[in-house]
Amino acid sequence: MSAGVLAVGCVTSVGEDVAEVIAALKAGKTGMKDAPKGYPDPQLAQVPGPDLKLWLKRKKDARLLSRACQLALPAAGRAMAAFAGDPETLGLYVAVGREPPDADDASLAIVAMERDGQLDLERLATRGRELYPPLLPLRTLPNMILAHVSIQHGIRGENGTYTGGWSAGKQAVMAAIRAVDEGRVAFALAGGAHSNIDPFSAGDRWRVAAIERSFGRTDSEDPRYCPGEGAIFALIGPGGVPVDWESPLTEAWLQGCGDCGPVVGLAPLLAAGAHLGGPFAQA
Amino acid sequence: MRQGRAVVVTGYGLRCAAGSRAVLPRVSFAEPHPAATALGIAGVAQVAGLVEDPRFPDDRKGSLAAEVVREALAVEREGLDGARLGLFLGTGLSSMTAVEVAAEVYPCLEKGEFNHAAAQHRLKMLSTAPLRHMPARVTELLGAAVGAILTETSFSACAASAMSIAEGARAVARGDVDVALAGGHDSMVHPLGMLSFVVLGALSPGVSRPFDRRRDGFLLGEGAAVLRLEAEEHARARGAPILARWLGAGTSVDAWNVTAPHPEGHGAALAMARALRDAGLVASDIDYVNTHGTGTPIGDRAEALAVRKVLGDVPVSSFKGAVGHTIAAAGAVEATLCLAAFQEGRLPLSVGAEELDPECPVNVLMTEQRCRPRAILSNSFGFGGQNCAIILGAP
């Protein structure tokens with residue numbers, strides 16, 4: 001099975017353009033920065049911006065965007081820039097992380113429901129109901145990344161949203177390649193977005209560390225990696241470009257982006273593109 | 001369009017308010033629930049007698065998944081040892097339960113305000129972190145337990161488990177695995193889960209009435225189901241019973257609005273048309289449509305218009321008036337209940353519908369109809385506009 005990578009768009013802590021990112025990685029640049037005082041981890045890799053003005057058709061939709069959505073739109077937009085086909089039949093396969101906590105909005109309501117250290121149903125139905133943000137589910141549902149990308153570009157083809165930690169990106173990419181290979185779509189946009197840098201998501205990393213210990217995979221009490229965020233999408237078409245899953249660039253990408261499962265999944269595709277020349281030759 | 005090996009359904013695991021057997025539900029299974037009562041909702045469609053799996057404490061979703069995976073492997077398993085197995089599960093949000101809020105959030109309150117610094121410090125103390133629901137972890141753990149060589153987790157909202165079934169069937173057809181356990185699991189039957197649907201205005205305060213003129217939202221359910229999908233040659237070689245044939249699937253995105261479906265059901269129609277093409281069928285080959293039919297005013301109308309456009313006057317009904325909306329599990333629970341239509345030779349009635357809405361121009365079944373369906377199409381549509389239609393054929 002093979003697939004051609006026709007275009008790639010990304011948003012990372014070391015750049016917002018493929019050539020820029022590859023150049024940065026080759027130069028040894030890292031997106032890791034010291035975390036603010038009180039943050040659960042010593043370092044994090046945060047993306048500056050992004051500026052959404054270029055990538056959002058309806059400005060009012062901005063209030064519905066999770067951080068991962070904010071990262072996804074520019075990445076998908078760059079990958080789609082050269083697409084001249086029919087978006088009605090374009091496949092869309094998106095890897096996502098766990099839903100963001102959106103704690104600032106929800107915490108007022110959750111605090112208002114407390115009585116004697118427990119969640120009180122009477123308070124849930126009164127103050128909690130008044131304060132609970134009605135748009136919260138629309139911001140936190142992970143498949144909203146796919147929804148917003150599809151709305152921006154009119155994409156109505158075969159699709160899927162995948163989760164699975166670091167494997168999610170590969171699931172999405174493989175689903176796209178199979179859809180192209182089996183003739184269900186002519187082209188597909190595949191990728192993902194994940195932001196793991198808010199303090200509450202740190203809880204998940206510590207939980208994962210506990211799970212890893214319970215499996216005997218490590219005796220470390222630390223999550224073993226620093227939080228990051230990023231998004232990457234590739235426009236995939238039929239044949240001609242063998243995918244090099246063993247590309248050494250994977251490692252470099254991991255260091256640059258921290259905990260971004262979807263980004264890791266597409267790194268080999270980037271690497272394949274880097275070996276091909278064309279738009280990637282400059283890097 | 002369909003390629004590769006023929007795929008059949010040789011077993012299932014099911015948990016929903018109507019029970020654990022694939023029989024046509026005839027009544028609503030709503031029961032009172034303390035949080036629902038507080039929120040002014042008549043009840044929820046909850047699974048009775050669920051035993052918590054120690055791997056998934058305070059996580060009904062995980063326990064539901066564990067039960068159906070175990071059950072789907074237990075029946076008619078002779079000859080399954082050594083089969084290459086895949087596990088494909090659709091799952092839902094890991095929204096906080098009351099237990100979790102009490103354990104992790106409320107200890108960080110100081111004078112009625114949330115202390116972020118205290119919370120961050122507390123995270124470091126989680127050396128025995130509560131293993132609450134983490135979406136892909138259920139698939140990973142259960143996949144490892146059954147020796148699956150391939151696992152995949154769909155997070156496609158209410159279309160998740162239908163999409164997982166499609167992915168599982170394709171994996172079997174391609175030859176990636178011999179047997180796929182494919183479906184999904186979900187439970188939002190807890191206070192904050194219910195509240196999130198209440199503030200969206202999605203829940204009916206009373207009775208779920210899909211396609212009825214008075215419909216005003218859905219009944220919240222919970223459940224899990226997996227179909228055991230198997231290469232036909234593999235199933236026949238071991239003498240397994242064939243409950244249905246896998247015929248095809250189609251998906252689409254509305255690309256319209258994050259809160260509402262396309263008003264004319266454009267995306268839904270695309271998914272159904274693609275499913276027909278994938279199955280190599282035409283509209284007249286479909287004898288029954290199990291609709292997504294949640295009972296929301298906009299959703300039912302959009303789906304009805306789409307069904308009319310693609311499939312004409314085909315008989316339709318919704319299970320959601322009986323077993324509630326099981327959210328990410330809906331596609332799998334309802335596909336499994338559809339097996340009963342093949343087995344019993346009846347098409348199910350739409351529980352809750354009494355006075356049909358003329359704005360929904362479809363042939364809604366008000367009573368059960370005797371019929372041995374050749375092919376059944378089952379719809380699942382998710383928030384965000386993800387749509388999936390799957391087609392099962394008579395055994």
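Given the structure is predicted, the values throughout are model-derived calculations rather than measurements. Numbers restart at 1 for each chain; the letters A, B, ... are given by sequence-line order, proteins then strands.
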Novice: Do A:R156 side-chain atoms and B:S252 backbone N/O form a donor-acceptor pair below 3.5 Å?
Specialist: no
Novice: Taking all non-hydrogen atoms of both residues into account, name the closest pair between A:A147 and B:G384 and its distance.
Specialist: CB-O, 3.2 Å
Novice: Determine, step by step, whether B:E152 and A:T163 satisfy the side-chain contact (heavy atoms from CB on, under 4.5 Å) criterion, reporting the C-alpha distance in whole Å, the side-chain angles of both residues, the deciding distance to 0.1 Å, and the verdict.
Specialist: CA-CA 8 Å; B:E152 189 172 286; A:T163 189; over 6 Å; no
Novice: Please report the shortest heavy-atom distance between B:A255 and A:S150, naming the atom on each side.
Specialist: CB-O, 3.4 Å
Novice: For the CD1 atom of A:I151 and the CG atom of B:D254, what is their distance to the nearest 0.5 Å?
Specialist: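 If I round to the nearest 0.5 Å, the distance is 8.5 Å.
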Novice: Check each atom of A:Q152 against the heavy atoms of chain B and say whether the ones under 4.5 Å are side chain, backbone, both or neither.
Specialist: neither
Novice: Counting only heavy atoms not in A:R127 (residues, nucleotides, ligands), do more than 12 fall under 6.0 Å from its CZ?
Specialist: no
Novice: Checking heavy atoms, do the side chain of B:F155, its backbone, both or neither come under 4.5 Å from chain A?
Specialist: both
Novice: With chain A, which of B:L270, B:V101, B:L195, B:L200 has the greatest number of heavy-atom pairs at distances under 4.5 Å?
Specialist: B:L195
Novice: I want to check something: taking the side chain as every heavy atom from C-beta on, are B:L192 and A:M113 in contact at a cut-off of under 4.5 Å?
Specialist: yes
Novice: At a heavy-atom distance under 4.5 Å, which candidate from A:P133, A:P142, A:G164 has the highest pair count against chain B?
Specialist: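 The residue among A:P133, A:P142, A:G164 with the greatest pair count is A:P142.
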Novice: Examine whether an atom of B:L109 lies under 4.5 Å from a heavy atom of chain A, and if so say whether it belongs to the side chain, the backbone or both; otherwise answer neither.
Specialist: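 For B:L109, side-chain heavy atoms alone lie under 4.5 Å from chain A.
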Novice: List the atom of A:Q171, the atom of B:T151, and the distance in Å for their closest heavy-atom pair.
Specialist: NE2-O, 4.1 Å
Novice: Can you list everything that forms a ring pair (Phe, Tyr, Trp, His ring centres under 6.0 Å) with B:F88? Sequence neighbours excluded, please.
Specialist: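 In terms of ring pair (Phe, Tyr, Trp, His ring centres under 6.0 Å), with neighbours along the sequence ignored, B:F88 is linked to no residue.
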Novice: In terms of heavy-atom pairs under 4.5 Å, which option from A:L92, A:T126, A:I110 contacts chain B the most?
Specialist: A:I110
Novice: What distance do A:N159 atom CG and B:N387 atom CG have between them, rounded to the nearest 0.5 Å?
Specialist: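 Result: 7.5 Å between the selected atoms.
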Novice: Could you pull out the closest heavy-atom pair between A:R58 and B:W256, with the gap in Å?
Specialist: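 Closest heavy-atom pair between A:R58 and B:W256: NH2-O, 3.8 Å.
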Novice: If every non-hydrogen atom of A:T161 is compared with every non-hydrogen atom of B:Q386, which pair is closest and at what distance?
Specialist: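 Minimum heavy-atom contact is OG1-OE1, 3.0 Å.
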Novice: Does A:E114 reach the side chain of B:V105, with side-chain heavy atoms less than 4.5 Å apart?
Specialist: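 No. Closest side-chain heavy atoms not under 4.5 Å.
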Novice: Let me confirm one number: the CE-OH distance from B:M163 to A:Y162, rounded to the nearest 0.5 Å.
Specialist: 7.5 Å
Novice: Which atoms form the tightest heavy-atom contact between A:N143 and B:S156, and what is the distance?
Specialist: ND2-C, 4.1 Å
Novice: Side chains of A:R178 and B:R170: closer than 4.5 Å at any heavy-atom pair?
Specialist: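 Result no, sub-4.5 Å side-chain heavy-atom pair not found.
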Novice: Which residues in residues 60-70 of chain A have any heavy atom lying under 4.5 Å from a heavy atom of chain B?
Specialist: A:L64
Novice: Hey, are the side chains of A:L119 and B:Y106 touching, using non-hydrogen atoms and a 4.5 Å cut-off?
Specialist: yes
Novice: In Å, rounded to the nearest 0.5 Å, how long is the span from CG of B:L39 to CG of A:L124?
Specialist: 5.0 Å
Novice: What residue, out of A:V94, A:V149, A:L141, A:I145, has the most heavy-atom pairs lying under 4.5 Å from chain B?
Specialist: A:L141
Novice: Please examine the side chains of A:E182 and B:R174, heavy atoms only from C-beta on, and report whether any two atoms are closer than 4.5 Å.
Specialist: yes
